[in-house]
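Each chain gets a letter, A, B and so on, in the order the sequences are listed, and its residues count up from 1.
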Amino acid sequence: MATDAVRQDLIRLIPRLRRFALALTGTYADADDLVQDALERALARLHQWRPGTRLDSWVYRIAQNAWRDQLRRGRTRGVALPLDDADEQPGSDGRTDAEASLQLREALHALAQLPWEQRIVITLIQIEGYTYPEAAAILDVPEGTVTSRLVRGRAALERLMLERERAT
Amino acid sequence: MSVTDEDLSAYADGMLDAEASARVAAAVAADPVLAERVARMRRQAATLNAAFAEVIAAPAPHRLEAVVLAERRPTAWSSPLRGRVAAIAAAMLLAFAAGWSMRSEVAGPVAVSDGALMARGALLRALDHQVAGEPGRGDVAITLSVQSETGFCRAFEVRSGLDAPAIGLACGHAGEWAVVALTEAPDQPTPEKGYAMARGAIPDSILQAADQRRAGDPLSLEAEREAIARGWKR
């Protein structure tokens, strides 16, 4: 049974979870669905969370599992829409991703082209600010795996951003 | 001394311990190519981080907060259907485990209605109007009343109408009490009058059911009378 304090903590986490989910899914609509899925899962198994440990890491772990389940089921669009079409995609609450700044849409577009393993490591560390050991714990992989995925992801992003600069 | 890509990445992110960091820093200071790579890594991380800053400020759809708050609704009368079914299943299981069958007479103390196990007849009247500890009419005693997260829950003891004396917990308000837990009454002689039961005599399963609803301290006699007057609405 969730206590009020834990509920408040979960509610405070929502903006960060949306940012995480947006980086993974590429659209606000899919991000909000993923956050909802993650929150429902977290509430259903709140008894598994050990008070005194970090609630955010635990919920992120649930969220990334939920995302990978969605990927396996082919439920998400998986890849952000091309930049030119981004404003065609309605988000929840009637929001359109056109509300996202060009800078954000470019970042989403670049992230979407990374393999999911690299995308999630880049997101956890560079966007969400987790340390390497924290990211390894969230993903349940050795720290060395996180580091090598991060290095490859960085190199790929670098290429993508360079291409983008040349194209404009 | 060679510096790997992993070293450079961890150095750029400030993830190395002091010793390793000093080692990489020396290599970077001695090699403009390495220095440029570290600078690009940091620039890229900063660009990515800045690009996502607006997401934190963007208003989140209300349904996400509602997901977190939804679960707090009391189980019986307004929770999602699955919660309701689970509560009923648990109550029925307890009932059947104790070898009872629900009597079907209209006058029985409980009836399944709209997927919930609801108090009826003498039990319903007692839940509505009877103060805890008061000798009951119709073989029903109320043993405890607590404020739950969003309403009230009352522990009761029923001596007739079921195949065995039962102790249960009902949550709701006047006219609408859902039985959320039910168990066989401990086999002990009950005083002829004055069911006043110490909290310790209430079975653990019932107390747990109350605790799951974030029940507070038992209501005082005065608070009970007040709640009765208001139809157990808050």
Exercise. Grab the two heavy atoms, one from Ser101(A) and one from Glu54(B), that are nearest each other, plus how far apart they are.
Key: OG-OE1, 2.6 Å
Quiz prompt | Nearest atoms (heavy-atom pairs only) where Leu157(A) meets Gln44(B) | solution = CB-NE2, 3.2 Å
Practice problem: Determine the minimum heavy-atom distance between Asp32(A) and Pro61(B), stating which atoms define it. | Solution: OD2-CG, 3.2 Å
Exercise. Flag the pair Ile11(A) / Leu69(B) as yes when at least one side-chain heavy-atom distance between them is below 4.5 Å, and no otherwise.
Key: yes
Quiz prompt | Rounded distance [0.5 Å steps], CZ in Phe52(B) versus CG in Leu108(A) | solution = 4.5 Å
Quiz item: Where on Leu17(A) is there a heavy atom nearer than 4.5 Å to chain B: the side chain, the backbone, both, or neither?
Solution: neither
Self-check item: Residue part contacting chain B, namely of Ile14(A), when any heavy atom lies under 4.5 Å
Solution: side chain
Quiz prompt | Ala50(B) versus chain A, the contacting section by heavy-atom distance below 4.5 Å | solution = both
Quiz item: At a heavy-atom separation under 4.5 Å, does Ala23(A) approach chain B through its side chain, its backbone, both, or neither?
Solution: both
Practice problem: Can you see which heavy atom on Ser9(B) is nearest to which on Leu150(A), and at what distance? | Solution: OG-CD2, 3.4 Å
Quiz prompt | Which atom of Pro59(B) lies closest to which atom of Arg18(A), heavy atoms considered | solution = O-NH1, 3.4 Å
Practice problem: Provide the closest heavy-atom pair for Asp33(A) versus Arg63(B) in the form atom of the first, atom of the second, distance. | Solution: OD1-NH2, 3.3 Å
Self-check item: Pairwise distance CG(Asn49(B)) to CD1(Ile127(A)) - rounded to 0.5 angstrom
Solution: 7.5 Å
Exercise. For the residue pair Arg154(A) and Arg40(B), establish whether any side-chain heavy-atom pair is separated by less than 4.5 Å.
Key: no
Exercise. Could you please spell out the steps behind the side chain to side chain donor-acceptor pair (under 3.5 Å) verdict for Thr147(A) and Glu6(B)?
Key: CA-CA 6 Å; Thr147(A) 314; Glu6(B) 282 78 6; over 6 Å; no
Quiz item: To the nearest 0.5 Å, what is the distance between CG (Asp13(B)) and CD (Gln126(A))?
Solution: 6.0 Å
Quiz item: Looking at Glu158(A), Arg16(A), Glu128(A), Met161(A), which one has more heavy-atom pairs under 4.5 Å with chain B than the rest?
Solution: Glu158(A)
Exercise. Give, for atom OG1 of Thr131(A) and atom CE of Met15(B), the distance between the pair rounded to the nearest 0.5 Å.
Key: 5.5 Å
